[in-house]
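By convention here, the first residue in the shown sequence is residue 1.
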Amino acid sequence: MTPRPTHPTGTTGTTGTTGIAAPAPAPTRSYAAPEARRGNALHAGAWWLWALGLATAASRTTNPLLLGLIIAVAGYVVAARRTAAPWARSYTAFLKLGLFVIGLRLLFSVLLGSPIPGTHLLFTLPEVPLPAWAQGIRFGGRVTAEQLVFAFYDGAKLAALLVCVGAANALANPARLLKSLPAALYEAGVAVVVAMTFAPNMVADVARLRTARRLRGRPTGGVRAILQIGLPVLEGALERSVAVAASMDARGYGRTAQVPPVVRHTTTTLTLGGLLGMCAGTYGLLAAEGAAYGLPVLLAGLALALAGLRLGGRRSVRTRYRPDRWGVRAWLVAGSGAVVAAALVYASGADPQTLRPGVVPLTAPVLPLWPAVAVMIGLLPAVVAPVPGPLAAPTHTATPTRTPTHTPEPEPEPEPEPMRAPAPRPAPQKEASQ
């Protein structure tokens, strides 16, 4: 009897069905941004710190090339990392608002004049005489190229600030930002979050109503259409306000714990002193003559405010469910905005002529090299922030079926048989009498 050959134990490998298993490849560590989930979503405060850093950089320059670069950086990050939430659609509204601000600033400069002297006369408007108490103000008159360029620079700076705020509104989740606030600021934070979500919700309502009117064949432009859209928008805002008030009352909004009076007074003193110090330090940083004392006063005020908030948190009886974590990616996002702000603050003192081009005489603005490179650091969130996931899809899975080559014809149904009358029952026979 011939013995049966035995095969070596092992898993099928590349050498054959009976060979030794090939070694599994070593796992490689990927540094690419993961898909956003509830556990690894970026902290909402990181987006706001990044946007405030860009806004600080925009406030230190009037160079239209740098301002345009800041707006482009913010727009690219929003396009790469915004979700499909209603508040994510507010960036376009802030961008249009910035363009409106530039146009309004130019219109005011044309009508009300400007203190900027100019030699390049464009046109002259008829000047309206004003009473004696309105000295220093004119309506109409000469319009020069220098005053229009100066007005455009100012309007562009304000538009860049609005775009940075719009980027933060489009990227940060307001509800999660509220959860991250200190306990002492919860009540004020609710009001701030409701105010911040007003513009995104209004934009979403207007877009929804315009789409509905377009589907019904009604016009979406004009004064009459705006009036017909405005009433449902206000009605929706009122319904949301009632729903928010009911949910706040159900969650015990405004209920606090009992603390000693000394703690309350100390908390008030520290918080108010810290906020005043932060305001003075911020003004010193933004003003050209207060940069020396601005940073120390800002840091001292921040320390006092944090101490007051920490002490005031004892009054809150609110708990947190699954608080957001501040991870490495949040540090990178917030740090990129801080680097951009610090670089532009330093550049405004080192080379003010480049960051603030003059208008008398008129000179073409130039793009400074290293401040532009510093602004490009603001693109880091588009690389390290988690990628927003796709829209939710149906969870059912289609089973594969074989497609028939031909469609069989249905067989004709048999015709019903006609009903037959029942056969007569035979009569019973009588028994024969014996």
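T124 is linked by a side chain to side chain contact (heavy atoms under 4.5 Å, CB included) to L121, R142, counting only residues two or more places apart in sequence or in another chain. Residues that satisfy the side chain to side chain donor-acceptor pair (under 3.5 Å) test with R210, not counting sequence neighbours, are absent from this structure. For R218, there are no salt bridge (Lys or Arg N to Asp or Glu O under 4.0 Å) partners two or more places apart in sequence or in a different chain. Considering only residues two or more places apart in sequence or on other chains, F108 meets the side chain to side chain contact (heavy atoms under 4.5 Å, CB included) condition with L104. Remark: T83 pairs with A85, A88, P388 by the side chain to side chain contact (heavy atoms under 4.5 Å, CB included) rule, at least two apart or across chains. For T354, the side chain to side chain donor-acceptor pair (under 3.5 Å) criterion is met by D351, not counting sequence neighbours. Partners of S348 according to the side chain to side chain contact (heavy atoms under 4.5 Å, CB included) rule, which considers only residues two or more places apart in sequence or in another chain, are R60, L355.
Closest heavy-atom contact between G53 and A341: O-CB, 3.5 Å. When all heavy atoms of L42 and A385 are compared, the closest pair comes out as CD2-CB, 4.2 Å. Looking at every heavy atom in both residues, A74 comes nearest to V163 through CB-CG1, 4.4 Å. Taking each heavy atom of G308 and L270 in turn, the nearest pair found is CA-CB, 3.8 Å. Residues A170 and V78 share a closest heavy-atom pair of CB-CG1, 4.2 Å. What you find for R329 and P386 is that their closest heavy atoms are CD-CD, 4.3 Å.
Using a 4.5 Å heavy-atom cutoff, the side chains of L158 and I102 are not in contact. The shortest side-chain heavy-atom distance between L52 and C164 does not fall under the 4.5 Å cut-off. Two residues are said to be in side-chain contact when any heavy atoms from C-beta on lie closer than 4.5 Å; T144 and T119 fail this criterion. Residues L171 and V77 form a side-chain contact, since some pair of their non-hydrogen atoms from C-beta on lies under 4.5 Å apart. Taking 4.5 Å as the limit, every side-chain heavy atom of V165 sits out of range of all side-chain heavy atoms of Y91.
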>> For a side chain to side chain contact (heavy atoms under 4.5 Å, CB included) check, start with the C-alpha distance between V110 and F123, then their side-chain angles and the critical distance, and finish with the verdict.
In response: CA-CA 10 Å; V110 170; F123 52 89; 4.2 Å; yes
> After noting the C-alpha distance and the side-chain angles of V333 and L380, does the key distance pass the side chain to side chain contact (heavy atoms under 4.5 Å, CB included) rule?
Replying inline: CA-CA 7 Å; V333 171; L380 187 62; over 6 Å; no
> Can you check side chain to side chain contact (heavy atoms under 4.5 Å, CB included) on L362 and E146, steps first, answer last?
Replying inline: CA-CA 7 Å; L362 279 176; E146 287 81 359; 4.0 Å; yes
>> Apply side chain to side chain contact (heavy atoms under 4.5 Å, CB included) to residues R356 and T61 and explain how you reach the verdict.
In response: CA-CA 6 Å; R356 298 180 180 273; T61 179; 5.6 Å; no
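Among pairs with a residue in residues 108-124, none fulfils salt bridge (charged side-chain N to carboxylate O under 4.0 Å, His left out), at least two apart in sequence or across chains. Evaluation of the salt bridge (charged side-chain N to carboxylate O under 4.0 Å, His left out) test over residues 97-122, restricted to residues two or more places apart or in two chains, returns R105-D154. Applying the ring-ring contact (aromatic ring centres under 6.0 Å, His included) test to pairs two or more places apart or on separate chains, those with a residue in residues 50-83 are W47-W50.
The neighbour count for W331 CH2, taken as heavy atoms of other residues, nucleotides or ligands under 6.0 Å away, does not exceed 12. L215 CG: more than 12 foreign heavy atoms inside a 6.0 Å radius.
The distance from atom CG of L106 to atom CD of Q147, rounded to the nearest 0.5 Å, is 10.0 Å. Note that CG of L344 and CG of L66 are 6.5 Å apart. Values are rounded to the nearest 0.5 Å. With rounding to the nearest 0.5 Å, the separation of CG in N63 from NZ in K157 is 12.0 Å. H120 contributes atom NE2, which lies 12.5 Å from atom CG of L148 (distance to the nearest 0.5 angstrom). In this structure, CZ on F150 lies 9.0 Å from OG on S109, to the nearest 0.5 angstrom. Between the CZ atom in F152 and the CG atom in L67 there is a gap of 8.5 Å [rounded to 0.5 Å].
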